[in-house]
Amino acid sequence: MRSIARTPTVAIVGRPNVGKSTLFNRLVGRRQSIVHDQPGVTRDRVFGETELDGGRSLHLLDTGGLLRAEEDALGLNSQVWMAIEESDLLLFVVDAKVGLTVGDEEVAGELRKANVPMLLVINKIDVARASDHALEFHVLGVEPQVRLSAEHGSGFQDLHDRMGEMLPAVRPPVPVEGESRIAIVGRPNVGKSSILNRLLGEERVLVSPVAGTTRDPIDTSVDVDGRHYRLVDTAGIRRRSRTSGTPEALAIMMAKRQLERADVALLVVEAPAGVTAGDLAIAGAAWDMGRAVVVLINKWDLLDPDSGLELERSWERLEMLLSSPQRVNVSAATNRGIGKIFPAVDRTLRGYRSEISTGDLNRIVEEALRRHHAPTEQGRAWKVYYATQVSSGPPTFLLFANRVLPRSASYRRYLENTLSRTLALEGVPIRLVIKRRDRRSPPKRR
Ligand code: GDP
């Protein structure tokens, strides 16, 4: 069975009006609205995440969202092709209400060239005479086939089963002792590939490629002053930089795929453009996934006084979102600041992997509670009995309290911020787990 070292990607393709986005919404379901609950991030209609029975997750792309109205005769353009080439499975959707069209035959012919496994989804099976029409699609020669109604939600068990059979298995990452994994992420054209080349070209950097296959990410292993790093999916960064016009929605998905396999993200932002909603979306994804972030402000050579002011104004939101991350102003064009990147990664990773003694942690928490009074509920104050760090990378703290605090509680934010600041966890997401406990007694030791 095929296997890949990341979550598989499924693209929904086909002519306009066959029901691609209805299928997308049905597959992504309600989860979608929770995924993007981040400041500055709008809900994405192109890209989603879902799970098959048994908990296997997958990335899902509605290629219909990558088209402009005038160019959708077959539902294919250069952006859709990029998405197809990055996918592990295509759901080729056809319309049983209309029956087979010349367009479907053309799409089938084109898709075959991509050499990506295909599943034919015969949609709108609920309408009258649909079953008769459904037989016409055998001409396309695409197997296997699934009949369903995206609108009414029937036939989805079959679809899930087939997808499960056709998707490659996921190999868990094998962490190498002492190796830090770095993802270079950012919107299209911000200079990721150029920065990658500069980093690999540094004199004190020793480079060795890591083998992979076409659909598997190909990494590059580097040694800098005796420390080991793995730059993830370097082949993909270069490939996508050569293709002009990568859609931003696709770039966000690519970033998530890279982040899956990384400890720390180098988030590349364009100085003259300032921090954009797309940058915040990628930063938010990294943060939610528990990855540390270093921000590179690239194209510093192109900054003028006006765009400089705008950059600093827009920077504030990113700075807040990422708990004051390490920021390096760079120019891949002039080599400015490139030498400061690995040191910034090291500082950030120290925080990401830091372990704090139980005594110190409890002192910080007690002090935080003293300085700002905890919320009360029916006259009873919120109390912490005991705090302890349960893991690092990212640092995760367990607090035993007289009751749990909701995720949204601002006091939770206050505690996280206090810990972040006191422990100098710059660009490092922390996790607070709050458990209820009745009395003031430390957990039993085994
Ligand atoms: P990617 O899509 O993020 O990998 O971006 P690329 O590395 O392909 O760069 C996009 C474009 O920006 C190319 O034309 C680069 O030559 C240019 N570029 C990258 N970094 C800089 C920089 O620091 N200054 C200037 N002036 N141009 C840059």
Side-chain angles (χ1 to χ4, degrees), residues 46-47 66 77-83 85-86 182-202 205 207 209 212 217-220 222 229-259 261-262 264-286 291 293-308 310-312 314-315 318 326-342 344-345:
V46 177
F47 166 65
L66 300 174
N77 67 7
S78 60
Q79 301 199 343
V80 174
W81 275 113
M82 278 199 73
E85 277 160 11
E86 299 280 351
I182 305 175
I184 304 178
V185 296
R187 290 185 297 108
N189 248 354
V190 292
K192 297 180 292 298
S193 171
S194 312
I195 287 173
L196 171 66
N197 289 340
R198 284 291 188 178
L199 280 178
L200 300 183
E202 285 256 290
V205 178
V207 180
I218 302 177
D219 303 340
T220 303
V222 301
Y229 305 88
R230 173 185 283 247
L231 297 170
V232 306
D233 195 23
T234 42
I237 292 171
R238 292 209 170 100
R239 181 173 67 239
R240 291 188 284 273
S241 132
R242 281 194 297 269
T243 332
S244 59
T246 312
E248 193 156 299
L250 200 57
I252 295 172
M253 189 194 80
M254 295 310 159
K256 286 191 180 183
R257 277 181 13 174
Q258 284 172 264
L259 289 165
R261 303 175 52 242
V264 56
L266 289 176
L267 171 64
V268 185
V269 171
E270 246 179 331
V275 175
T276 69
D279 300 328
L280 290 169
I282 296 174
R291 304 304 189 251
V293 183
V294 171
V295 182
L296 307 183
I297 313 274
N298 189 36
K299 308 196 185 180
W300 197 260
D301 55 301
L302 299 180
L303 205 60
D304 60 32
D306 281 347
S307 50
E310 182 47 41
L311 168 68
E312 297 312 328
S314 61
W315 164 252
L318 191 60
Q326 297 283 324
R327 161 179 160 176
V328 190
N329 302 330
V330 302
S331 165
T334 67
N335 210 33
R336 177 205 155 108
I338 299 292
K340 295 184 187 150
I341 296 177
F342 281 112
V345 166

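Numbering of ligands and ligand atoms starts at 1, following listing order.
- Here the heavy atom of the protein found nearest to atom 8 (O) of ligand 1 is Ser241 OG, 2.9 Å.
- With hydrogens left out, the protein atom closest to atom 4 (O) of ligand 1 is Ser193 N, 2.8 Å, a heavy atom.
- Val46 is not listed as a side-chain neighbour of Glu248, based on a closest heavy-atom distance of 4.5 Å or more.
- Among all protein heavy atoms, the one lying closest to atom 5 (O) of ligand 1 is Gly191 N, 3.1 Å.
- Shown here for Trp300 and Ser331, the closest heavy-atom pair between the two residues is N-CB, 4.2 Å.
- Of all atoms in ligand 1, listed by their number and element, those nearer than 4.0 Å to a heavy atom of Leu302 are 26 (N).
- Of all protein heavy atoms, the one closest to atom 11 (C) of ligand 1 is Asn189 OD1, 3.8 Å.
- If you check which protein heavy atom lies closest to atom 20 (N) of ligand 1, you get Asn298 ND2, 3.0 Å.
- Annotation for Arg198 and Asn335: closest pair CD-OD1, 3.3 Å, computed over non-hydrogen atoms.
- Put simply, the side chain of Leu303 does not reach to within 4.5 Å of the side chain of Ile297, judged on heavy atoms.
- Counting only residues at least two apart or on different chains, the salt bridge (charged side-chain N to carboxylate O under 4.0 Å, His left out) pairs with a member in residues 327-338 are Glu312-Arg327.
- Note that atom 28 (C) of ligand 1 has protein non-hydrogen atoms nearby, at separations under 4.0 angstrom.
- Contact atoms of ligand 1 toward Asp301: 22 (C), 23 (O), 24 (N), 25 (C), 26 (N) (distance under 4.0 Å to a heavy atom of the residue).
- Looking only at protein heavy atoms, the nearest one to atom 12 (O) of ligand 1 is Lys299 NZ, 3.1 Å.
- No side-chain heavy atom of Leu199 sits less than 4.5 Å from a side-chain heavy atom of Val205.
- Looking at Phe342 and Ile182, their side chains come closer than 4.5 Å, going by heavy atoms from C-beta outward.
- Defined by atom type and a distance below 3.5 Å, a donor-acceptor pair is missing between the side-chain atoms of Ser194 and Asn197.
- At least one N or O atom of Ala332, backbone or side chain, sits closer than 3.5 Å to an N or O atom of ligand 1.
- With respect to atom 1 (P) of ligand 1, the closest heavy atom belonging to the protein is Lys192 N, 3.4 Å.
- Atoms of ligand 1 found under 4.0 Å from any heavy atom of Ser194, numbered from 1 in the order shown, are 6 (P), 7 (O), 9 (O), 15 (C), 19 (C).
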